[in-house]
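Lettering follows sequence order; numbering is per chain, from 1. Reckoned from all heavy atoms, side chains included, excluding hydrogens, waters and symmetry mates. As the structure is a computational prediction, the values presented were derived from the model and not from experiment.
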Amino acid sequence: LAKTTQPISMDSYEGQEVNITCSHNNIATNDYITWYQQFPSQGPRFIIQGYKTKVTNEVASLFIPADRKSSTLSLPRVSLSDTAVYYCLVGDIPSGGSYIPTFGRGTSLIVHP
Amino acid sequence: GAVVSQHPSWVICKSGTSVKIECRSLDFQATTMFWYRQFPKQSLMLMATSNEGSKATYEQGVEKDKFLINHASLTLSTLTVTSAHPEDSSFYICSARGEEAYEQYFGPGTRLTVT
């Protein structure tokens with residue numbers, strides 16, 4: 001049973017806000033939600049991580065509803081350089097040794113001029 | 001943030017030869033490292049989990065005798081693809097985690113092409 005479900009692809013235009021939603025219906029109490037960005041032929045890059053409500057950093061915001069069964073990555077005013085694959089991961093990160101980052105299919109975001 | 005390096009960044013080898021890929025944590029000690037394989041247009045597939053000083057744990061379907069993993073120190077793990085074949089051509093990515101890291105630090109990846 002997949003831990004996360006994301007749209008396979010999304011299209012947007014420069015300057016727009018992009019919201020990518022990830023479903024994780026079976027999220028456990030101790031699970032955190034982490035988003036990564038990956039460009040072709042590069043390793044994944046950490047974007048943002050959260051447990052509940054809203055988290056914001058210099059590049060993105062992460063919205064997590066009260067039931068935590070989904071989360072939304074929000075990218076403000078995207079540019080062409082935001083074209084990448086975005087992965088949502090859930091896991092019991094604080095447990096340390098037992099957490100194994102497992103990737104789903106990810107969302108391929110294409111930003112058009 | 002923490003940095004993980006991989007060497008080489010790309011390698012081309014002939015079928016039947018072996019190739020070693022290094023993964024290093026540059027500014028922290030990584031008690032656990034993970035090795036992934038990624039085929040074109042696909043997601044990262046976990047191959048094995050490597051803990052310093054102990055044998056790696058391989059995922060189902062990954063041949064441990066073909067993909068040799070050694071995690072001899074807290075800053076270095078190696079993946080050796082033995083008797084490589086064209087179907088082993090892929091993008092290999094390692095990641096590392098420190099004792100108290102809440103992030104997973106990924107390497108830049110190694111492109112392996114077997115001819």
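Distance check: T102(A) OG1 to M45(B) CE gives 9.5 Å after rounding to the nearest 0.5 Å. For the atom pair L44(B) CG and L89(A) CG, the distance stands at 9.0 Å (nearest 0.5 Å). Here CZ of R45(A) is found 13.5 Å from OH of Y105(B). Values are rounded to the nearest 0.5 Å.
At a threshold of 4.5 Å between non-hydrogen side-chain atoms, the residues F106(B) and Y36(A) count as touching. The shortest side-chain heavy-atom distance between S41(A) and W10(B) does not fall under the 4.5 Å cut-off. Between Y36(B) and F103(A) the shortest side-chain heavy-atom distance falls below 4.5 Å.
Contact count versus chain B (heavy atoms, under 4.5 Å) is highest, among P40(A), P44(A), G43(A), for P44(A).
The cluster map of Ile, Leu, Val, Met, Phe, Trp and Tyr, joined by side-chain heavy atoms under 4.5 Å apart, puts Y13(A) and L80(A) in different clusters. A continuous path of hydrophobic side-chain contacts links I27(A) to L62(A) [ILVMFWY only; heavy atoms under 4.5 Å]. Linking Ile, Leu, Val, Met, Phe, Trp and Tyr residues whenever their side-chain heavy atoms come within less than 4.5 Å places V11(B) and Y92(B) in a single cluster. I69(B) and I21(B) fall within the same hydrophobic cluster, where Ile, Leu, Val, Met, Phe, Trp and Tyr residues are linked whenever their side-chain heavy atoms come under 4.5 Å apart, directly or through other members.
Only the side chain of L46(B) has a heavy atom closer than 4.5 Å to any heavy atom of chain A. Of the atoms belonging to Q42(B), it is backbone heavy atoms, and not side-chain ones, that fall under 4.5 Å from chain A.
Heavy-atom contacts from other residues, nucleotides or ligands closer than 6.0 Å to NZ of K20(B) number 12 or fewer. Atom CZ of F39(A) has more than 12 heavy atoms from other residues, nucleotides or ligands within 6.0 Å. In the displayed structure, H112(A) atom NE2 is contacted under 6.0 Å by more than 12 heavy atoms of other residues, nucleotides or ligands.
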Between I93(B) and Q42(A), is the side chain to side chain contact (heavy atoms under 4.5 Å, CB included) condition met? List the steps. CA-CA 9 Å; I93(B) 303 169; Q42(A) 294 187 29; over 6 Å; no
